[in-house]
Amino acid sequence: MKTVLVTGATAGIGEACARAFVEAGWRVIATGRRAERLDALVEELGADRVHPCVFDVRDEAARDAALADLPAEFSKIDCLVNNAGLALGTAKAQDADLGDWKTMIETNVTALISLTHALLPKLIESKAVIVNLSSVAATYPYTGGNVYGGTKAFVRQFSLGLRSDLSGTGVRVTSIEPGMVETEFTLVRTGGDQAASDTLYAGVNPLTGTDIADVVLWVASQPPHVNINALELMPVNQSFAGFQVARN
Ligand code: NDP
Ligand code: 8X3
């Protein structure tokens with residue numbers, strides 16, 4: 001039985017990944033800060049299939065302690081899903097909070113590279129699949145997306161660079177780049193504004209966490225000679241708009 005480590009498994013895409021991988025016969029190391037949500041996953045999916053690891057991805061000491069303590073049957077990691085991440089705020093750069101910018105960089109970039117670096121020896125040994133959650137925001141800029149989009153562009157380019165560095169090791173790397181997925185993402189981004197979140201997704205028929213989890217599982221289930229480099233997906237009701245022009 002294979003094992004996947006999913007960061008940010010307490011909500012949204014990560015939680016759906018935990019369910020999808022267990023359903024497909026994998027063991028899951030599920031991480032996040034909200035212990036009660038991880039406990040609920042263990043309760044639902046079984047302690048033999050889900051191992052909870054409670055830590056903030058930015059806290060390297062807590063992370064290393066949790067991962068040093070993995071039960072033997074969860075210790076060989078066949079797939080790493082770097083999913084934990086967030087956007088904070090939609091303000092234009094000139095109005096944005098610098099603390100929010102730093103939190104996004106620490107979570108979406110620094111924590112992701114740090115975990116990947118820490119696990120690489122194991123991942124090379126097991127010829128693992130690394131799946132990184134980037135975003136359409138990596139490619140298509142929008143007003144107020146400033147640093148969030150920057151972090152996701154980093155994730156995409158880091159994924160491609162990692163793939164290049166890992167040539168010949170058998171490790172595969174994929175950048176997943178979704179558009180609008182209805183999760184707790186907008187609730188977090190708006191500081192808990194449920195009405196704003198509901199309004200954003202109303203009438204869109206957005207992607208779901210399960211849609212993305214199915215894609216992540218498909219990527220991880222390809223035969224060993226197939227690497228999905230990058231995969232961009234959107235809801236049908238989301239597409240591209242034109243440039244803006246400021247007139248004097
Ligand atoms: P959710 O807010 O629903 O879930 C985010 C997950 O990340 C939670 O499990 C949360 O766990 C975890 N997380 C956030 N910060 C930390 C932290 N400091 N330490 C540990 N875990 C953390 O959002 P999504 O499921 O939508 O987002 C998952 C990923 O997908 C993100 O990287 C996001 O950027 C990306 N994405 C999302 C899209 C969308 O439209 N929703 C589109 C494209 C990409 P906890 O709070 O318990 O710690
Ligand atoms: C989340 C998608 O368009 O809100 O990464 O940036 S978007």
Side-chain angles (χ1 to χ4, degrees), residues 5-20 28-41 52-60 62-63 66-67 81-90 100 102-112 114-115 131-156 158-159 175-192 194 196-197 200-201 204 206-213 215-216 230-235 237-241:
L5 190 160
V6 181
T7 64
T10 58
I13 294 168
E15 183 182 349
C17 281
R19 289 208 175 86
V28 176
I29 302 163
T31 88
R33 289 167 296 185
R34 286 170 286 181
E36 68 288 354
R37 296 228 184 159
L38 296 178
D39 290 345
L41 265 184
C53 281
V54 182
F55 59 84
D56 186 318
V57 284
R58 294 166 298 174
D59 183 342
E60 292 179 354
R63 178 202 72 200
L67 296 181
V81 181
N82 275 315
N83 164 77
L86 79 175
L88 291 173
T90 52
D100 284 349
K102 288 181 176 174
T103 302
M104 288 188 275
I105 292 169
E106 286 160 10
T107 310
N108 300 356
V109 174
T110 310
L112 182 149
S114 176
L115 175 63
V131 183
N132 293 329
L133 263 293
S134 174
S135 165
V136 291
T139 304
Y140 309 99
Y142 58 88
T143 305
N146 41 64
V147 167
Y148 177 70
T151 66
K152 293 299 170 177
F154 176 91
V155 171
R156 174 186 160 83
F158 176 63
S159 304
S175 170
I176 302 283
E177 298 155 19
M180 197 182 273
V181 188
E182 185 167 8
T183 61
E184 295 177 9
F185 179 83
T186 301
L187 208 54
V188 171
R189 185 171 209 168
T190 58
Q194 186 65 58
S197 179
L200 181 71
Y201 301 120
V204 175
L207 298 173
T208 64
T210 304
D211 293 327
I212 308 303
V215 169
V216 173
L231 200 157
E232 181 186 301
L233 67 162
M234 283 179 174
N237 285 345
Q238 181 182 27
S239 58
F240 322 101

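Counting starts at 1 for both ligands and their atoms, in listed order. Please read all numbers here as calculations on a predicted model, not as lab measurements.
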Please identify which of these residues, Leu5, Val6, Val81, meets the side chain to side chain contact (heavy atoms under 4.5 Å, CB included) condition with Val28.
Val6
Within the distance-only criterion (no hydrogens, no angle test), does the side chain of Asn237 pair as donor or acceptor with the backbone N or O of Val204 below 3.5 angstrom?
yes
For ligand 1, the residues whose heavy atoms come within less than 4.0 Å (ordered by chain, then number):
Gly8, Ala9, Thr10, Ala11, Gly12, Ile13, Gly32, Arg33, Arg34, Phe55, Asp56, Val57, Arg58, Asn83, Ala84, Gly85, Thr107, Leu133, Ser134, Ser135, Tyr148, Lys152, Pro178, Gly179, Met180, Val181, Thr183, Glu184, Phe185, Val188
For the pair Thr151 (side chain) and Tyr148 (backbone), establish whether a donor and an acceptor sit closer than 3.5 Å, ignoring hydrogens and angles.
yes
Which pairs of N or O atoms, one from ligand 2 and one from the protein, are separated by less than 3.5 Å, and what is the distance for each pair?
{"from": "ligand 2", "atom 1": "5 (O)", "to": "Ser135", "atom 2": "OG", "distance (Å)": "2.6"}
{"from": "ligand 2", "atom 1": "5 (O)", "to": "Tyr148", "atom 2": "OH", "distance (Å)": "2.6"}
{"from": "ligand 2", "atom 1": "6 (O)", "to": "Tyr142", "atom 2": "OH", "distance (Å)": "2.7"}

For Glu60, the salt bridge (charged side-chain N to carboxylate O under 4.0 Å, His left out) test, sequence neighbours excluded, returns none
Main chain of Phe55, side chain of Arg33: is a donor-acceptor contact present, judged purely on distance under 3.5 Å?
no
Enter the distance from Arg189:CZ to Leu200:CG here, rounded to the nearest 0.5 Å.
9.0 Å
Going by the rule side chain to side chain donor-acceptor pair (under 3.5 Å), which residues pair with Asp39 if we only count those two or more places apart in sequence or in a different chain?
none
Walk me through whether Tyr142 and Phe240 qualify under ring pair (Phe, Tyr, Trp, His ring centres under 6.0 Å).
CA-CA 11 Å; Tyr142 58 88; Phe240 322 101; over 10 Å; no
For Glu177, does its backbone N or O pair with a side-chain atom of Ser134 as donor and acceptor, under 3.5 Å?
no
